[in-house]
Structures are given as C-alpha cells and as structure tokens.
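In what follows, residues are counted from 1 in the order of the sequence shown.
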Amino acid sequence: MRHIPLLQQTPPQAWLDKAARANIEIEAAKNDRIKRNQIIESKSNIWGELKDWLLQLSDQKCWFSEAKDCFQDWDVEHYRPKKSAKNLESIERDGYWWLSLDWKNYRICGRVGNVHKGTFFPVKGIVADENHRALTEDELPYLLDPIVKADCQLLSFNQLGEAIPAPGLDDWSKTRVEVSVKQYKLYYDRLTLMRKDIWDTCTALINEIQNLMLDQVNNPSAHKKTKIEEKMELLASYTSRKKVCSSVAIVCLQKSEIGWAVRLSGEAN
C-alpha cells in the first residue's frame, strides 16, 4: 500500500458543483432513511464520474492492493460506508450518508476487496453520526487508509507474498493491519502469488548484483561496471509507483539488510 496524496488534489469544478446540487437533495431527505438511501443510490453515477480522475493518482492501480488486473475491475469505494456501517461484531449502525458525495471519502478499490469489505467499518472509541459530523476527525478506524501516510507504513510483506504487520508495531497498530488484511482481502491468492513473484525477482536481482560487485572488486572492468548499473536500474524500477505492488519491492530491499539495497529502497519514487 503506497500513500495516495488525495487531499493535495481537487476534482474539476464542474464535478464539485454537480455533487453540491445532489447533496442538497440528500440533506433534504435526511430524516427519511429509505428515501435518503434511494436518492444516494440514484446519484451513484456522480462518484462514478471521478473514477478516471482517482485512478490517475495511483497510476491505474487499486489503492489498497497496488494491483491492476489481478484484483479485477475498479470501484469507487467509500472509505466510510454511505448507507450503513458494521462494527467488529457485524452489528449495523447508520452509515456516513452525509459523506456519500464527499470526494475526500472516495478510494479506488479492486472489485475483490470492495465486495469483501462491504459496509464493514469498525471504529475504536468515538463514533461520528449525522448530529456530530465533525467527530469523523476524531474517529480511530480499524481499517487502514491509503491516503494516510502513517497507515501505509504499518503494512509490510514477507517472502511468501503475504501481507503482514510491519515489525515493532504496538498492539493497536498490529490489530489494525490484521483487520485490514482480512477485510480488504489482501490475502487473495492471485494477489499473494503476484507479490511473491515480485519478491523472488527482486531477491534474484539483489543476489546477482552482489555477485557482480564481488567480481568487479576482484577483476574490475568497465563492462562489469556498466552491467551493475543496468541491473540496479532494473531493480529500482520495481520500486516505482507506476509498478504493481511496488511496496513489496521496497520491503524486499529493506529486509535484505544490504547497505546499497536499503539505500536504493529509500530512493523509491
């Protein structure tokens, strides 16, 4: 999961105006849940219009899995569910309907993860509602959020391609990762296999570069130097935001504990 700078962007003004007009209709029906939800559903084309704009922020990848085709089609996901929300025990409460047309609540998610998450949105402590909307800023969600840089740093991976908590986390952060991996279905088989392939490829490149460096020390040549640089550029390309599951490549380099590889992971763009 790579950080998505959503809040540093602004949708087109025409879209904002359309959303504002639709939101007036939703607010007018706020005391009639059935009618309110019907209106929200009738406006689904509005957040759908932002799909391409949102995908540009992640180089056409799911914001949660960093995958492209293997996590199926893209949905504009409401991070805070719009009509109803379930806690850890799957007990349902009213959703964040007032955020249904708030673009800051939108995330791009692969169909696999979006369907599995559904309306699940447990919160620790304070829970916002329609009469206390500002409290969303004080909520402590269990689910990791790709637009929050600190959340992205909590998720790590291993050589099997499994999504796991980063080392050294406190209990609360570890629980958030475990809940997120389960609810976003980041354990999905095809996704795990793809991450493993990336890890194996990066590991092979690291070992190849290490051997080339040793050979260069013992028998230096311009040709070997050029080959080392080419292999390093290839390895670095896997950490680019444009690549699928680039965070896996970054973690692989970091966990190698090889000085140059760790430094290369820090240069990821």
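Panel note: side chain D102, backbone W98; no donor-acceptor pair is recorded below 3.5 Å. Between the side chain of Q254 and the main chain of S265, no donor-acceptor pair closer than 3.5 Å is present. In terms of modelled atom types and a separation under 3.5 Å, the side chain of N211 and the main chain of N207 share a donor-acceptor contact. E25 places no side-chain N or O within 3.5 Å of a backbone atom of I39 that could act as its donor or acceptor partner. With N45 contributing its side chain and G48 its backbone, the two residues share no donor-acceptor pair below 3.5 Å. A side-chain donor-acceptor contact under 3.5 Å links N105 to the backbone of R80. Judged purely by atom type and a 3.5 angstrom limit, Y184 uses its side chain to pair as donor or acceptor with the backbone of L144. Looking only at distances, a side-chain donor or acceptor of S247 sits under 3.5 Å from a matching main-chain atom of M1. A donor-acceptor pair under 3.5 Å links the side-chain atoms of R241 to the main chain of H3, judged by distance alone. A donor-acceptor pair under 3.5 Å is formed between the side chain of D145 and the backbone N or O of I147.
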**Request:** Starting from the C-alpha separation in whole Å, work towards a yes-or-no answer on side chain to side chain donor-acceptor pair (under 3.5 Å) for Q159 and T203.
**Result:** CA-CA 9 Å; Q159 69 275 16; T203 298; over 6 Å; no
**Message:** side chain to side chain donor-acceptor pair (under 3.5 Å), that's the test. Do S173 and D170 meet it? Break it down for me.
**Reply:** CA-CA 5 Å; S173 296; D170 57 74; 3.1 Å; yes
**Request:** Would you check, one step at a time, whether the test side chain to side chain donor-acceptor pair (under 3.5 Å) holds for R93 with S84?
**Result:** CA-CA 6 Å; R93 67 179 190 276; S84 64; over 6 Å; no
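Taking a cutoff of 4.0 Å between a charged side-chain nitrogen and a carboxylate oxygen, R2 and D59 do not qualify as a salt bridge. Residues K86 and E92 are not paired through a salt bridge, judged by the lack of any N-O separation under 4.0 Å between the basic side chain and the carboxylate. The pair R21-D17 does not count as a salt bridge, with every side-chain nitrogen at least 4.0 angstrom from each carboxylate oxygen. Between E27 and R36 there is no salt bridge, since no side-chain nitrogen of the basic residue lies less than 4.0 Å from a carboxylate oxygen of the acidic one.
F120 and N87 make their closest contact through CE1-O, 3.5 Å (heavy atoms, listed as atom of the first residue, atom of the second, distance). In terms of heavy-atom proximity, A19 sits nearest to L101 at O-CD1, 3.7 Å. When every heavy atom of T192 is checked against every heavy atom of Y187, the shortest pair comes out as OG1-O, 3.3 Å. Of all the heavy atoms in H116 and Q183, the pair that sits closest is ND1-O, 3.2 Å. Among all heavy-atom pairs drawn from Y79 and P141, the shortest one is OH-CB, 3.4 Å. Residue W47 comes nearest to I40 through the heavy atom pair CH2-O, 3.4 Å, listed as atom of the first residue, atom of the second, then distance.
Taking 4.5 Å as the limit, some side-chain heavy atom of P146 sits within range of a side-chain heavy atom of R107. Contact of the E162 side chain with the F157 side chain is not registered, since no non-hydrogen atoms from C-beta on lie closer than 4.5 Å. Contact of the S246 side chain with the E66 side chain is registered, since non-hydrogen atoms from C-beta on lie closer than 4.5 Å. Under the 4.5 Å side-chain criterion, counting only non-hydrogen atoms from C-beta, M213 is not in contact with K224. Side-chain contact between W15 and W53: absent, with no pair of heavy atoms (C-beta onward) separated by less than 4.5 Å. Here the side chains of M232 and I209 are in contact, with some heavy-atom distance below 4.5 Å. In this structure, the side chains of E178 and K182 stay at 4.5 Å or more apart for every pair of heavy atoms. The shortest side-chain heavy-atom distance between K83 and T119 does not fall under the 4.5 Å cut-off.
The 12-atom threshold is exceeded at NZ of K255, counting heavy atoms of other residues, nucleotides or ligands nearer than 6.0 Å.
How far OG of S256 is from CG of L205: 12.0 Å, rounded to the nearest 0.5 Å.
A single hydrophobic cluster is seen to contain both L155 and L140, as judged by linkage of ILVMFWY side chains at heavy-atom distances under 4.5 Å, directly or through other members. Hydrophobic clustering (side-chain heavy atoms under 4.5 Å, transitive across Ile, Leu, Val, Met, Phe, Trp, Tyr) keeps L235 apart from I250. Taking hydrophobic clusters as Ile, Leu, Val, Met, Phe, Trp and Tyr residues chained together by side-chain heavy-atom distances below 4.5 Å, L7 shares a cluster with L16.
Between Y106 and H78, a ring centre-to-centre spacing shorter than 6.0 Å is recorded. The distance between the ring centers of W199 and Y238 does not fall below 6.0 angstrom.
For the residue pair Y96/E139, the side-chain donor-acceptor check at 3.5 Å is satisfied.
For the pair K30 and W97, the cation-pi test (distance below 6.0 Å, angle within 45°) is failed.
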